[in-house]
Engineer: 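The structure under discussion is supplied below as structure tokens; questions concerning it will follow.
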Amino acid sequence: QVQLVESGGGLVQAGGSLRLSCAASGRTFSTYDIGWFRQAPGKGREFVAAISWGGGTTLYADSVKGRFTISRDNAKKMVSLQMSSLKPEDTAVYYCAAEGKVSGLTNRVEVYDYWGQGTQVTVSS
């Protein structure tokens, strides 16, 4: 069982930066990998990045690689997404999610079991 709460969304100009946080809690939170997804109006959920709590490995979507950085702080039970060089097409509701079904990281939305409520990111041009 794990509970997730996102924060840090807001309005930023193109080229700017924004840092999102995902706070995790629960008795078995350390057994889950954490992923970030986003959903723009009229579109489905899109994988952004993922990180393994146990192994320290990361996975990024091609669309954000080199611009976004996912990190963890196990002592604080937090996962962060540092977003830089933001583009208007990055505008979406960003969700963090947890999965414990596969040993490696995955971008498959159906594998993730638990989801936060989402936080809005708006990038103006």
Engineer: Return yes if some donor-acceptor pair links the side-chain N/O of Glu6 with the main-chain N/O of Gln117 below 3.5 Å, else return no.
Structural biologist: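 Indeed, once roles are kept as given, a pair shorter than 3.5 Å links the two residues.
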Engineer: Hey, what do you get for CD (Glu46) to CG (Asn107), rounding to the nearest 0.5 Å?
Structural biologist: 10.5 Å
Engineer: So how far is it from Leu18 CG to Leu81 CG, rounded to the nearest 0.5 Å?
Structural biologist: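 Rounded to the nearest 0.5 Å, the CG-CG separation comes to 9.0 Å.
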Engineer: Looking at OG of Ser80 and CZ of Arg19, how far apart are the two atoms once the value is rounded to the nearest 0.5 Å?
Structural biologist: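 Separation between the atoms: 4.0 Å.
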Engineer: Quick one, Arg72 with Ile34, criterion side chain to side chain contact (heavy atoms under 4.5 Å, CB included). Give me CA distance, side-chain angles, the key distance, then yes/no.
Structural biologist: CA-CA 9 Å; Arg72 68 183 181 189; Ile34 304 296; over 6 Å; no
Engineer: Just checking Tyr32 against Tyr114, ring centres under 6.0 Å apart?
Structural biologist: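 Yes, the ring centres sit under 6.0 Å apart.
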Engineer: May I ask you to check whether Phe68 and Trp36 place their ring centers less than 6.0 Å from one another?
Structural biologist: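 So the answer is no for these two rings.
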Engineer: Are Trp115 and Val93 linked, directly or through intermediate hydrophobic residues, by side-chain heavy-atom contacts shorter than 4.5 Å (ILVMFWY only)?
Structural biologist: yes
Engineer: For the pair Arg45 (side chain) and Arg38 (backbone), establish whether a donor and an acceptor sit closer than 3.5 Å, ignoring hydrogens and angles.
Structural biologist: no
Engineer: If you apply the rule salt bridge (charged side-chain N to carboxylate O under 4.0 Å, His left out), what do you find for Lys101 with Glu99, and how did you get there?
Structural biologist: CA-CA 6 Å; Lys101 297 179 180 179; Glu99 70 86 15; over 6 Å; no
Engineer: Does Tyr95 belong to the same Ile/Leu/Val/Met/Phe/Trp/Tyr cluster as Ile51, with side-chain heavy atoms less than 4.5 Å apart forming each link?
Structural biologist: no
Engineer: Output the distance between atom OG (Ser25) and atom NZ (Lys77), rounded to the nearest 0.5 Å.
Structural biologist: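 So the gap between those two atoms works out to 7.5 Å.
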Engineer: I'd like to know if Val12 and Met83 are part of one continuous hydrophobic network [Ile/Leu/Val/Met/Phe/Trp/Tyr, side-chain heavy atoms within less than 4.5 Å].
Structural biologist: yes
Engineer: Take atom CD of Gln13 as the centre, draw a 6.0 Å sphere, and report whether it contains more than 12 heavy atoms from other residues, nucleotides or ligands.
Structural biologist: no
Engineer: Could you tell me which non-hydrogen atom of Ser85 sits nearest to which non-hydrogen atom of Arg67, and how far apart they are?
Structural biologist: O-NH1, 3.1 Å
Engineer: Could you grab the distance from atom CG of Leu86 to atom OG of Ser125, nearest 0.5 Å is fine?
Structural biologist: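 Nearest 0.5 Å value for the CG-OG distance: 13.0 Å.
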Engineer: Is there a donor-acceptor contact under 3.5 Å from the side chain of Tyr94 to the main chain of Val48?
Structural biologist: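 No, Tyr94 side chain to Val48 backbone: no donor-acceptor pair under 3.5 Å.
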Engineer: Hey, are the side chains of Tyr60 and Phe47 touching, using non-hydrogen atoms and a 4.5 Å cut-off?
Structural biologist: no
Engineer: Identify the two heavy atoms, one from Tyr112 and one from Ala50, that lie closest to each other, and give their separation to 0.1 Å.
Structural biologist: OH-CB, 3.7 Å
Engineer: With rounding to the nearest 0.5 angstrom, report the CG to CG distance, Asp113 to Leu4.
Structural biologist: 10.5 Å
Engineer: Hey, is the main chain of Gly9 close enough, under 3.5 Å, to the side chain of Thr119 for a donor-acceptor pair?
Structural biologist: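 Judged by distance alone, yes, a pair lies under 3.5 Å.
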Engineer: If you look at every heavy atom in Ala98 and Val2, which pair is closest and at what distance?
Structural biologist: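 Shortest heavy-atom contact: CB-CG1, 3.6 Å.
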Engineer: Do the side chains of Gln120 and Thr91 get nearer than 4.5 Å, heavy atoms only?
Structural biologist: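 A side-chain contact under 4.5 Å exists here.
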